[in-house]
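To keep things clear, I will list the structure first and then write my remarks on it.
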Amino acid sequence: MSEPLLIAEEAVGGLLKLTLNRPRQHNALSFALLEELRDCLERYAANPSIKCVILTGAGDQSFCAGGDLHELDGMRSLEQAREISRIGRRALDALRYFPVPVAAALNGSALGGGAELALACDICLATAQARIGFLQAKLNLMTAWGGAADVIARCGSARGLKHLLEARRMTAQEALGAGLIDEVCGDGETAGQLALAWAETIASRSIAVLRGQKALTVIMRRRIQEALAEAEEHHMANAWIDPAHWEAVRRSFSARRA
């Protein structure tokens, strides 16, 4: 029997813990995993006992390495590029608009689409060894799943553009200073422990307050996401079919094999 792609665990106090369960693939987001994440969040959204969510990755190396490159490699057309954008955005929007607070616990690297996934959550907590990087521009690509809007919302348009174009792999402390991460673990502390401490604080609030405060942030996030969604999809799809993108992909794979 195959391992589940996503592990969902309910804990005492209204906590829902979701674990991306593809450690051998660095928790890369296959289409099946994206759809399972969306389905799971939509099911739990109607559960009145849930007070907060923690999203993390299996293992101790990667939170999420982004999209599954083996799955994406054969998708070369403009319409396929648009479908990549739509499938991922639906899943990440389920995080952004979940009715109670959601925290990403970065147990390792969050890169490319994995960085988009982390910022789709309300709060981003990280182990000191974690790395986060919007690396899309290195592959002559753009964010596809609402990540640019989240970076701009957190950092402002000028600093957000700087981070997106530089495409740096930041340490947890660098990302904390940049506003991409909200808290970094202390010495000897894991991202899971930090997230559980956060969840304990959150769970002490009433459901009415949790849902009310989250509802206000959802209104703001929807405004910027909806304002930029069509443009992001259009420009990402155009970049995806550009030969410059596929040449950058070829060089990247060649460098890894060298």
Side-chain angles (χ1 to χ4, degrees), residues 3-30 33-34 36-37 40-41 44 49-66 91-92 94-96 98 100-135 147 150-151 154 163 168-205 210 214:
E3 292 288 321
L5 297 175
L6 180 72
I7 299 172
E9 304 168 282
E10 289 186 63
V12 176
L15 168 64
L16 173 64
K17 182 182 178 183
L18 302 178
T19 304
L20 307 176
N21 192 37
R22 302 186 74 206
R24 293 186 190 87
Q25 296 80 24
H26 302 283
N27 300 315
L29 296 168
S30 64
L33 177 51
L34 284 166
E36 191 160 336
L37 178 62
C40 179
L41 289 164
Y44 276 103
S49 68
I50 299 300
K51 303 185 87 173
C52 60
V53 180
I54 294 172
L55 176 66
T56 192
D60 59 3
Q61 297 297 315
S62 296
F63 169 73
C64 177
L92 270 62
L95 282 169
R96 293 181 181 105
F98 197 76
V100 296
V102 181
L106 304 192
N107 54 304
S109 296
L111 305 175
E116 293 193 64
L117 180 70
L119 263 63
C121 301
D122 300 298
I123 305 294
C124 195
L125 311 171
T127 179
Q129 291 73 41
R131 299 290 184 270
I132 188 168
F134 285 83
L135 306 181
D150 287 335
V151 171
R154 277 179 169 262
H163 296 323
R168 290 182 55 238
R169 191 181 305 228
M170 297 184 186
T171 67
Q173 285 296 335
E174 287 174 331
L176 180 66
L180 297 176
I181 285 176
D182 299 296
E183 192 170 350
V184 178
C185 295
D187 292 340
E189 187 179 26
T190 68
Q193 291 168 334
L194 182 59
L196 286 174
W198 168 84
E200 185 176 342
T201 299
I202 293 299
S204 69
R205 315 302 185 224
L210 290 172
K214 180 60 185 281

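- Residue pairs meeting the side-chain hydrogen bond (donor to acceptor under 3.5 Å, both in side chains) criterion with at least one member in residues 100-124, sequence neighbours excluded: T56-N107, E116-Q136, D122-K214.
- For the atom pair CG of L16 and CD of E9, the computed distance is 9.0 Å after rounding to the nearest 0.5 Å.
- For the pair I50/F98, a side-chain contact is recorded, criterion being any heavy-atom separation below 4.5 Å from C-beta on.
- Within the 3.5 Å criterion, the main-chain N or O of P4 finds a donor-acceptor partner in the side chain of N21.
- Here the closest heavy-atom approach between residue F63 and residue G114 is recorded as CE2-O, 3.7 Å.
- Under the 4.5 Å side-chain criterion, counting only non-hydrogen atoms from C-beta, P101 is not in contact with R205.
- Atom CG of L119 and atom CZ of F134 lie 4.5 Å apart (nearest 0.5 Å).
- The number of heavy-atom neighbours closer than 6.0 Å to NZ of K51, taken from other residues, nucleotides and ligands shown, is above 12.
- Heavy-atom minimum distance, H26 versus S62: ND1-OG, 3.1 Å.
- C64 has its side chain within reach of L29: a pair of non-hydrogen atoms, C-beta onward, lies under 4.5 Å apart.
- Rounded to the nearest 0.5 Å, atoms CD1 (I132) and CG (L180) are 5.5 Å apart.
- Shown here is E200, whose CD atom has no more than 12 heavy atoms of other residues, nucleotides or ligands within 6.0 Å.
- Within a 6.0 Å sphere centred on CZ of R169, heavy atoms belonging to other residues, nucleotides or ligands number 12 at most.
- Distance SG/C40 to CD1/I7: 11.5 Å, rounded to 0.5 Å.
- Scanning both residues, W198 and L125, for their nearest heavy atoms gives CB-CD1, 4.0 Å.
- Between A178 and H163, the closest heavy-atom pair is CB-NE2, 3.6 Å.
- The distance from the CG atom of L15 to the CG atom of L196 is 6.5 Å, given to the nearest 0.5 Å.
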In sequence, state the C-alpha distance, the side-chain angles, and the governing distance for L117 and L20, and then conclude on side chain to side chain contact (heavy atoms under 4.5 Å, CB included). CA-CA 11 Å; L117 180 70; L20 307 176; 3.6 Å; yes
Under the criterion side chain to side chain contact (heavy atoms under 4.5 Å, CB included), I'd like the reasoning laid out for E10 against S49: C-alpha separation, chi angles, the key distance, then a yes or no. CA-CA 10 Å; E10 289 186 63; S49 68; 4.3 Å; yes
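- There is a side-chain donor-acceptor pair under 3.5 Å between T127 and Q129.
- Remark: L18 CG to L55 CG distance equals 6.0 Å, nearest 0.5 Å.
- Side-chain contact between T190 and C185: absent, with no pair of heavy atoms (C-beta onward) separated by less than 4.5 Å.
- A pairwise comparison of heavy atoms in A126 and I181 identifies CB-CD1, 3.8 Å as the closest pair.
- Between L6 and L37, the shortest heavy-atom contact is CD2-CA, 3.8 Å.
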